[in-house]
Number of protein chains: 2
Amino acid sequence: MIKTRLTEMLGLKYPIFQGGMAWVATPALVSAVSEAGALGILGTGHLNAAETLKAIQETRERTSKLFGVNIMLQSPRVSEIVKVCLEEKVPMVTFGAGNPAIYIPAFKEMGIMVFPVVNNVALAVRLKRTGVEGIIAEGREAGGHVGKNATLPLIPQIVDATNLPVVAAGGFADGRGLLAALSLGAVGVQMGTRFICTQEAEVHPNYQGAIVKAGDLSTIISGETIGHPVRVIRNQLANKILELEKKGASLEELEALGVGALKKAVYNGDTIEGSLMAGEISGLIKDIPSVLQVLSRIEEEFYTVFNSLRFQLENQDRI
Amino acid sequence: MIKTRLTEMLGLKYPIFQGGMAWVATPALVSAVSEAGALGILGTGHLNAAETLKAIQETRERTSKLFGVNIMLQSPRVSEIVKVCLEEKVPMVTFGAGNPAIYIPAFKEMGIMVFPVVNNVALAVRLKRTGVEGIIAEGREAGGHVGKNATLPLIPQIVDATNLPVVAAGGFADGRGLLAALSLGAVGVQMGTRFICTQEAEVHPNYQGAIVKAGDLSTIISGETIGHPVRVIRNQLANKILELEKKGASLEELEALGVGALKKAVYNGDTIEGSLMAGEISGLIKDIPSVLQVLSRIEEEFYTVFNSLRFQLENQDRI
């Protein structure tokens, strides 16, 4: 148990969101995370309306705890996914990779909580006006679709500009990171890559293996030149995309390469031609524990670091 | 006063280094920072041997406290600057923008402390073997010359890999950031941009004004394509460089544009054709206080945030 404004607000044991990753955040993972006391969030980036409905129903069968649904704004099926979430009255939604302002009023009317994923101050301020419950401020360290700002400078700026509950994302995998996020003014963290590397994640072991083997310099950003920057572990596909970008390849050419590439990695375990989306924090991830073990370790480390800082500072007159 | 392993080791009041920025970190700023209880570090990237000697002497006249000298490894005069620092037996040196391994033994022999600036784990591990006293682990958020990794994922990886005192750099300007750095396992922070915006910094008000006006998306990285990535506030010069890089311009063409550009910004206040080196944290910097005010504010904020976290966590059994 780590109490923050976020755990009070959502009735959680840990101030931790599991990122709603396409292909990865399935009912099995989401329900395991929610059951363990954090917040599981369904990924729908790879689903149609019927599949989304099925995933929501399956999650509800597996847990009675709070969970969320991520709506990926670059999906061609955004409006039908939105419709399913409204009809099902899911407890909360997150939005990634875009500006969700036009969709928010419908969710507010239904009493569904909204936490958009945001990478800059202007969008956070704009979305505050729509009545969102909180902001997931995600830095460029994150895996998958990313913005310009790094997490460390981004968090305090969004906290200052919005005064909303801010969940920090991008670069988090352990208890030290969680304490750092709270120090910056966040109320919790969202983690993606750390949850890919859990027993409950229904992903191919090759994909997990690529993350476990990764070092601090293993990830790169592809797609920057066409306005769709995505962080992945460097492999043959990533090198091919970067090479084509250098030659000024068009959006269409690059998108053709990207179609199905995430599925290839997650589902087929193709580490050569698959898109190995993963965060810069991959270098810190060295094993595949259970979700419960991940959360217990974070709790243990969080309090160890906090108590050691407290001990170190205690002999001074300010504590 | 904020006690850490770093303040104990160096006899400081604050676990804070002022980055050794070329043109900016002059004896006036360096001595003000050291006098106030943090560590001032001379910038020598723009100096020759005689000027470096003069700057060291002037700093010694202004303060009897500990100070450092930054040796910029991309300077054409590295070996003569190294020689001056050895002859003068300065208390400590930092090295930026490269691999200083070949220079370190001479400093060790003289009993001069060495803190290299590093952006990746492999270099940190290699430099540990040379006997350095600590590592300044600097993320891509920093101003000026940068590497690939962001600060937040970088720090714990370098702490784990080296077990040396790690000073976190890139993205720091306030007490929240300092507490975040200590949470990640660092023993202190280095700040550059925050010290540019102080009364004691001998820089043109236009340069300071550009930082104060900057928002979260104002800085960009230029020079990536030629292997010399530098973070600056976007202006006409930066746009011109990015445009030329897109067209595949050579190192020589781009270097011609860069010559004297930092001096133009810092010294002449040319915010159009000057190189406005500054970190991503510029968006958080809103004024030009004195060095002492910067440090007092950081101390105040650090303890406010720490005590508020402590209060929030105290009702739980782990604290």
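Since the structure is predicted, the reported quantities are computational estimates derived from the model, not experimental observations. Naming: A, B, ... by sequence-line order, numbering from 1 per chain.
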Distance (rounded to the nearest 0.5 Å) between B:Met191 CE and B:Met21 CE | 9.5 Å
Step by step, work out the side-chain contact (heavy atoms from CB on, under 4.5 Å) result for A:Val212 and A:Asp287.
-> CA-CA 6 Å; A:Val212 166; A:Asp287 58 1; 5.8 Å; no
B:Lys148 atom NZ, over 12 foreign heavy atoms within 6.0 Å | no
Could you tell me which residues in residues 135-145 of chain A have at least one non-hydrogen atom under 4.5 Å from a non-hydrogen atom of chain B, sorted by residue number?
-> A:Glu141
Rounded to the nearest 0.5 Å, what's the gap from CG on B:Leu295 to CZ on B:Phe302? Could you check?
-> 13.5 Å
Evaluate whether atom CZ of A:Arg297 has more than 12 neighbouring non-hydrogen atoms of other residues, nucleotides or ligands under 6.0 angstrom away.
-> yes
Atom CG of B:Leu313 and atom CG of A:Leu182: how far apart are they, to the nearest 0.5 Å?
-> 7.5 Å
Nearest 0.5 Å, what's the CG-CD1 distance between A:Leu276 and A:Ile211?
-> 7.5 Å
A:Lys286, NZ atom: more than 12 neighbouring heavy atoms under 6.0 Å = yes
side-chain contact (heavy atoms from CB on, under 4.5 Å) between B:Asp160 and B:Gln157, worked out = CA-CA 5 Å; B:Asp160 290 351; B:Gln157 291 186 72; 5.9 Å; no
Please look at B:Val121 and chain A and tell me whether the side chain, the backbone, both or neither of the residue comes under 4.5 angstrom of a heavy atom of that chain.
-> both
Ordered numerically, the heavy-atom neighbours of chain A under 4.5 Å found in residues 219-230 of chain B are none
So which of A:Ile281, A:Val305, A:Leu217 has the biggest tally of heavy-atom pairs under 4.5 Å with chain B?
-> A:Leu217
Going through the checks in order, is the side-chain contact (heavy atoms from CB on, under 4.5 Å) test met by B:Leu152 and B:Leu184?
-> CA-CA 8 Å; B:Leu152 179 68; B:Leu184 295 170; 3.8 Å; yes
A:Phe17 vs A:Phe115 aromatic rings, parallel, tilted or perpendicular, using cut-offs 30° and 60°?
-> perpendicular
Give the member of B:Ser308, B:Gly171, B:Ala150 that has the highest number of heavy-atom pairs under 4.5 Å with chain A.
-> B:Ala150
